[in-house]
Amino acid sequence: MPSTESMSARERAAKVLVPGATMSGFTVKSAETIDELDAEAYVIDHVASGARLLFLACEDENKAFAIGFKTPPADDTGVFHILEHSVLCGSAKFPVKEPFVDLIKSSMQTFLNAMTYPDKTIYPVASTNEQDLYNLMDVYMDAVLNPAIYTKKAIFEQEGWHYELDRAEDGTPQRLRYNGVVFNEMKGALSDPMDVLDNAVNRALFPSTTYACESGGNPRAIPSLTYEQFLDTHARHYNLANSYITLYGDLDPERALAFLNERYLCDEARAHDAAARGARGIETPGAPNELARQEPIVCDYTSIDMVTTPDNALVGLGYVLGDALNRKRVIAADILFEALLGTNEAPMKKAILAANLGGDVTSYTSAACLQPYELIILQNAQPEVARRLREVIEQSARELVDAGIPRDRLEAVICGNEFDLRQRDYGTADGVVIACDALSTWLYDDAAATLALKYGPVYEELRQELSGNYFEDLLRELVLDTNHSALVELKPQETSDGDDPEAAELAATLEKASDEQLAAIDADVEALRAAQEAEDSPEARATLPRLHVSDIGPARPEPALTVDETTPLPCLKHAIPTRGLSYALAYFDLSHLTFDELPYVTIMANLMRRLPTAQHTADELDSHIGANLGFLSLSAEVVSESSWDKVRPVLTISAGALSEKIEALAQIPREVWSETLFEDTDRMRDVITQMRIAQEQRFLMNGHSAAVARSYSYTSPAGVLSEQLSGVDFYRFLRELVEHFDERAEDLCNKLRDLQKRIFVADGAIVSFTGSDNDYRTYWDAAGTLGLGERIDGNINLQIPAPVVKNEAFIIPSDVCFAGKAADPRRLDLAVDGTWGVAAGALSFDYLWNEIRVKGGAYGCGFRCAADRQLAFYTYRDPAIDPSLERIDHAGAWLRSFDPAPEVFEGFIVSCVSGHDAPAKPYGLARRQDGEFFAKRPVDWRETRRNAMLSTTPEKVRALADDIERVAANAPVCVFGGREIIEASTAGLTPIDLLG
C-alpha cells in the first residue's frame, strides 16, 4: 500500500472521499470522474451549516478556492456589487483597512479578485503554494462572513457612494457631487453602449425577474441605497446556507475540510460569529431574495436613447434558449449561432451584411443565468433598421431550415470548441474558471454541481446529431417559433434632453440643504479622509497570515528554447508538453517597408483568412480553417532590442492544431499568406468597417491602455511604431479609409498585392514550433520551404519619425476618464532591474491605490514596470484628471519616505517573485520565449531579474525615489475621457474630438 505522500492528488482523494463517508462535519454525497478536467469530483455537504462544497481533485499545482453566494438583486442600486467591494475592506479576524490589497502585496496568489454576476457573487483565489492558499481562504472566509461593514460605515461610503461639497472659491460656484468607487466604476461601464444595450435587452426579456435589474448598479440609482439596506442585504445573503464552495487542484482533502469546518463551519465557530454579530446589534436576518423564472414574453420592439456618437447606434435581438440545466440545448445553441454568425462568411451574418443595415454583427450566448439567451447585436446601425434586422434574420433562418444548415460550418465550430477545451487556456488560473463554470448550473439545482463540467458526452451526442435535423429544428424553435424574445434599439443622442438628471438632482439637494447639513457633509468627508489616511496598527497587521521569502522556493525549470538551423528556415523549437496540441508561428520582418506602408500591413493582416484564395472561396476557406485548425491569427507587432532606438516591426502568423492535423498547420497558413486574392472590395469594406468599430470600442473600455500607448509614442520610437500599427494614428488612417473607401478601393487592392509579394519572403523569416518531436518532424515534412522566395526590394530601409510630445486629451463619449504617463527608461538612462518590480508593487498597491482609488474614487490605477522597456503611470475610470496627475507627481516623494514594517516589505518581494514565477500555458510560454529571443535578452535574463527581486531592500527601493520623480516629470500625459472632465482640467492638454 503506497503512503499518502506518494499518492497522486486523485488517489489521495479517492481513498478518503468515499460516498456516504463523513469527515469534519461534511458528508460525501457523490463521486465521479470528470475526464474533461482530468479530475475526480466530489459533491459534499456540511450538515450543520448547510454549506455546499465541490471538491475537484487533480494534479494541477495552481490550486484554487472559491466561495459564492446566490445574490439576485431586487433593484438597480448595485448593492451586491458594492458588497463585493466592501466585504474585502476588513473583517473581525483581520481588522486591517484593506486585506484584499494586503494579500495582493504579500501573497503568492495567481488569482485574487471577486466578481458580481446578475444572480451571484463569487470570491475566488488561486495559488501554487498550498499554505498560501489556506491563508487566502482564511481571509476570504472571514471577509464574507464577518466583514467590518457593520462597525465602519466609511466602507460603504468609500466603495458605494457619498456626497462631497466643493465650496465656492475664485468665482467658482458651490457644487455638490457624488463620489465612490463603484459609483465611478459604473459611470464608466454604462458609458459603453454595448453594456447599456445588454441591460435593456435583459429588461425586455425578463421584466418581472431579477435579470431586469442592473446588478452592477446604475449611477442614477446607487445614491438611493441606504446604509441600513446595505447591511440588511448582506445579512440575508452572505450566510453558509446560501453558499457554494469549490476546492480545486492538488490538495489534501482531509486538511482542507478540517480547516473550513474548524474555523468557519462548525457549531462553535458559527455560534461565535453569531454572538459577535449580535454584539453589534444585528438582528436575525430575513430570507434572501428569490430567483424567479420569467414566463415567456415577446417584446416586439422597444427603444432607448443614449448620449453617444452616431456611430454607436445599436440594435439587439435576444432569444431565450430555455433552461440552464438543459446543457445539450444550451451548448447546441451556442454552436448553432456561432456557425450562423461567427464570421463574415457565416450564412446569417453574410445576409445581414449584404442588407447594409450596419457596420458589423456580433452575437454571444449568455449561459451563466437561469434562462440562458442569445443576443445578436447590430453595430453602427443605420437609422430605423431594427425591424428590418429581425426580418433578415428570420428570412435567413427559414432558408437554412428548409435547405439545411451547412454541415461543414457546424463541424468547424465543434472542432474549434474541442481544441479550446483540450487547450484549457482560460487566460487565468484553471480552478477559478472551473468554479465559475460549475455555478452556471449548480446555483439553480443542488444536484447539478458538476453538470456544466461534463461537456464531453454532450459534444459526442451533438456530433451524432449532425446526421439528422436536430440543428434545423433548434433554429426553428429558437427564431421562427420563439415565444420568448426581444428587439431593442439604442438611439444615439447628440445631447441629453433637458438638464442632466444627476446635476439637477444634486442642485436641488444643495438648494434645500441647511448650513448644518452642509457642515455635516464636510464633516463626513473629513472623517472618511481620516479613516482612509489612518495607518493600520501593528497589532492589526499582525493578524494577517503571511508567507516569507523562504516559502517561495526555487524557480520552476522551463524547457529551453533551441534554435534549429537545419530546417529550411531557422526554427525556434520549444520542447513544452502540450496535451496533444501543436503551435506553429511564422515571423516576417517589416524593416524593408516605408513608415507610411505600415497601416496597410495591419489592414492586410485582418483581411487575410477572410478573403478568397486561389484554392478556396472565402466561405470554403472559413470552414476549412475551422475544421482543421484550433486558431489562425495574424498581427503586426513591434520588437524592441536593448537600445531604445533599435526597434523594428514584424508580422506574426500564429496557428494551433491537434496533433492529428499537423499537415494542415503547415499548409493552411501558407495558403493564406501566399494565395489570398485582394479583389472582393465589398468583403474588404465589411472587414475594415468592423476594424474601425473594434478600435472605437477599445478606446471606450480600455482607455487606460490606449492612453499609456499614446503617451509612450511621444518619446519612444517603439511607441511611434505601435501607434502607426494599432493606435490612434492607425485609427485615424482607418477612419479616413472607411469614409473614402470607394475612391480608394482599387489603390488599396494594388497596395496589398504589392505588400504581399514583398513581405512573405525567406529573408529575415523565422519559424517557431511547439509540440512533440514527432509533430515537429511531420510539420517540416509538410512545410518544406513554406514556398518563400527571396526579397525583391532590398533598397528600402524603414525610417521611423522622431517622437514628438503632443499633450493630447482625446474626447470620447464617457462619464469618466483614463490617463497615462509613460516613458522609456533607456532614454532616461535608467537601469531597470527586479528592484523596480518590487517598487512598482509598492507604488501601485500602497501609494497610488490609497490616493487615487480610495480617496479619489477612480476604479483603477497603477504604475507599470514592463521590464527595461517601459515605465508608466495610469488611471482607469477616473472621475477627474488633475487630482490624479498631482498625486502621480508626488509618487517620488512618497517613495523617498517609504519605510514599511519588515513583514510588509517581505510581502512585496513575495508577491513580486510570485508574479514573475506564475505558471504559463504552453502557447503563452512559447510566445514569451520567442519575444525574449527577438529582444536578444541573455539566456539568464529572467534568473537575474528574479534574483534582483529577492535581494531587494527598503534602502534600494527608496534609492529609486529620484528616478521615479524623473519619470513622473518627464513622462508626457495623454488622456481619454468625457468632454466635461477634459474641459475642466487645467493640465494644459489639447482637447481632440477623436470619434467625430
Side-chain angles (χ1 to χ4, degrees), residues 58-65 102-113 124-136 248-251 424-433 545-561 574-578 770 832-842 844-845 862 864-869 904-933 935 937-953 956-957:
C58 62
E59 312 314 315
D60 194 342
E61 65 166 343
N62 200 3
K63 310 160 192 53
F65 158 84
D102 286 320
L103 292 172
I104 291 177
K105 294 188 293 187
S106 64
S107 75
M108 294 181 68
Q109 55 84 20
T110 54
F111 185 92
L112 183 76
N113 213 327
V125 294
S127 178
T128 56
N129 182 287
E130 185 167 355
Q131 183 55 52
D132 189 42
L133 186 73
Y134 281 101
N135 294 346
L136 298 171
Y248 167 90
D250 185 358
L251 287 166
R424 293 187 205 161
D425 192 349
Y426 304 117
T428 191
D430 290 10
V432 171
V433 177
R546 297 185 182 278
L547 291 182
H548 302 287
V549 169
S550 58
D551 295 316
I552 294 175
R556 296 177 192 82
E558 292 181 353
L561 175 152
H574 303 272
I576 302 170
T578 59
T770 307
V832 176
D833 61 9
T835 300
W836 280 80
V838 178
S844 296
F845 295 109
R864 290 180 184 171
C865 176
D868 55 352
R869 300 299 192 257
V904 173
F905 186 76
E906 188 176 33
F908 282 121
I909 295 177
V910 169
S911 63
C912 188
V913 176
S914 174
H916 182 273
D917 290 352
K921 294 291 185 177
Y923 177 68
L925 176 57
R927 286 284 268 156
R928 193 192 76 206
Q929 290 184 341
D930 288 353
E932 290 168 1
F933 171 84
R937 295 199 185 278
V939 174
D940 62 349
W941 176 78
R942 286 182 59 79
E943 181 183 357
T944 301
R945 184 172 176 81
R946 187 180 192 271
N947 289 338
M949 295 173 187
L950 288 168
S951 63
T952 296
T953 63
K956 289 181 179 180
V957 172

To check you understand the geometry: which heavy-atom pair defines the closest contact between Ala839 and Val957, and what is its length?
CB-CG1, 4.0 Å
Taking side chain to side chain contact (heavy atoms under 4.5 Å, CB included) as the definition, give me every residue that meets it alongside Thr428, ordered by chain and number, with sequence neighbours left out.
Phe111, Val433
List, one per line, each side-chain donor-acceptor pair under 3.5 Å for residues 545-555, sequence neighbours excluded.
from   : atom 1 : to     : atom 2 : distance (Å)
His548 : ND1    : Glu906 : OE1    : 2.9
Asp551 : OD2    : His548 : N      : 2.7

Can you measure from CZ (Phe845) to NZ (Lys105) and round to the nearest 0.5 angstrom?
9.5 Å
Within the distance-only criterion (no hydrogens, no angle test), does the side chain of Lys956 pair as donor or acceptor with the backbone N or O of Ser951 below 3.5 angstrom?
yes
Salt bridge (charged side-chain N to carboxylate O under 4.0 Å, His left out) involving Arg927 - partner list, sequence neighbours excluded
Glu637
What I'd like to find out is whether the side chain of Arg946 reaches to under 4.5 Å of the side chain of Asp917, using heavy atoms alone.
yes
Does the side chain of Asn62 pick up a donor-acceptor pair with the side chain of Thr110 at under 3.5 Å?
yes
Does the side chain of Val904 reach to within under 4.5 Å of the side chain of Ser106, using non-hydrogen atoms?
no
Please identify each residue that fulfils salt bridge (charged side-chain N to carboxylate O under 4.0 Å, His left out) with Arg864, with sequence neighbours left out.
none
Any side-chain to backbone donor/acceptor pair from Thr952 onto Met949? Under 3.5 Å, distance only.
yes
Who passes side-chain hydrogen bond (donor to acceptor under 3.5 Å, both in side chains) against Thr953, sequence neighbours left out?
Glu955
Over all atoms of both residues, closest heavy-atom pair of Tyr248 and Asp60
OH-OD2, 2.9 Å
By side chain to side chain contact (heavy atoms under 4.5 Å, CB included) - contacts of Glu130 (at least two apart)
Lys63, Tyr134, Leu251, Asp252, Arg255
Looking at residues at least two apart in the chain, or sitting in another chain, which of them share a side-chain hydrogen bond (donor to acceptor under 3.5 Å, both in side chains) with Glu558?
Arg928
ring-ring contact (aromatic ring centres under 6.0 Å, His included) with Tyr923: which residues, sequence neighbours excluded?
Tyr583, Phe631
Between the main-chain N or O of Gln109 and the side-chain N or O of Asp132, is there a donor-acceptor pair closer than 3.5 Å?
yes
Could you pull out the closest heavy-atom pair between Cys865 and Gly837, with the gap in Å?
SG-N, 4.3 Å
Gap between atom CD of Gln131 and atom CE of Met108 - 0.5 Å precision
12.0 Å
Taking only residues two or more places apart in sequence, or in another chain, which ones meet Glu61 in a salt bridge (charged side-chain N to carboxylate O under 4.0 Å, His left out)?
Arg556
Backbone N or O of Pro938 within a donor-acceptor pair of the Glu932 side chain at under 3.5 Å?
no
Is there a side-chain contact between Leu133 and Phe65, using heavy atoms and a 4.5 Å cut-off?
yes
Does Arg937 have any side-chain hydrogen bond (donor to acceptor under 3.5 Å, both in side chains) partners at least two apart in sequence or in another chain, and if so, which?
Asp868
On a heavy-atom basis, the closest approach of Thr835 and Ala948 is OG1-O, 3.9 Å
Minimum heavy-atom distance Leu950-Ile909, with the two atoms named
CA-CG2, 4.1 Å
Which value, rounded to the nearest 0.5 Å, describes the distance between Arg945 atom CZ and His916 atom NE2?
6.5 Å
Any chance you could measure Ile576, atom CD1, to Leu925, atom CG, to the nearest 0.5 Å?
4.0 Å
Where Pro577 and Pro922 come nearest, the two heavy atoms and their spacing
O-CG, 3.3 Å
In chain order, what residues pass the side-chain hydrogen bond (donor to acceptor under 3.5 Å, both in side chains) check against Ser911, with sequence neighbours excluded?
none
Any side-chain heavy atom of Asp930 within less than 4.5 Å of one from Leu561?
yes
Please check: side-chain N/O of Ser844 versus main-chain N/O of Gly862, any donor-acceptor pairing under 3.5 Å?
no
Who are the salt bridge (charged side-chain N to carboxylate O under 4.0 Å, His left out) partners of Asp430, not counting sequence neighbours?
Lys921
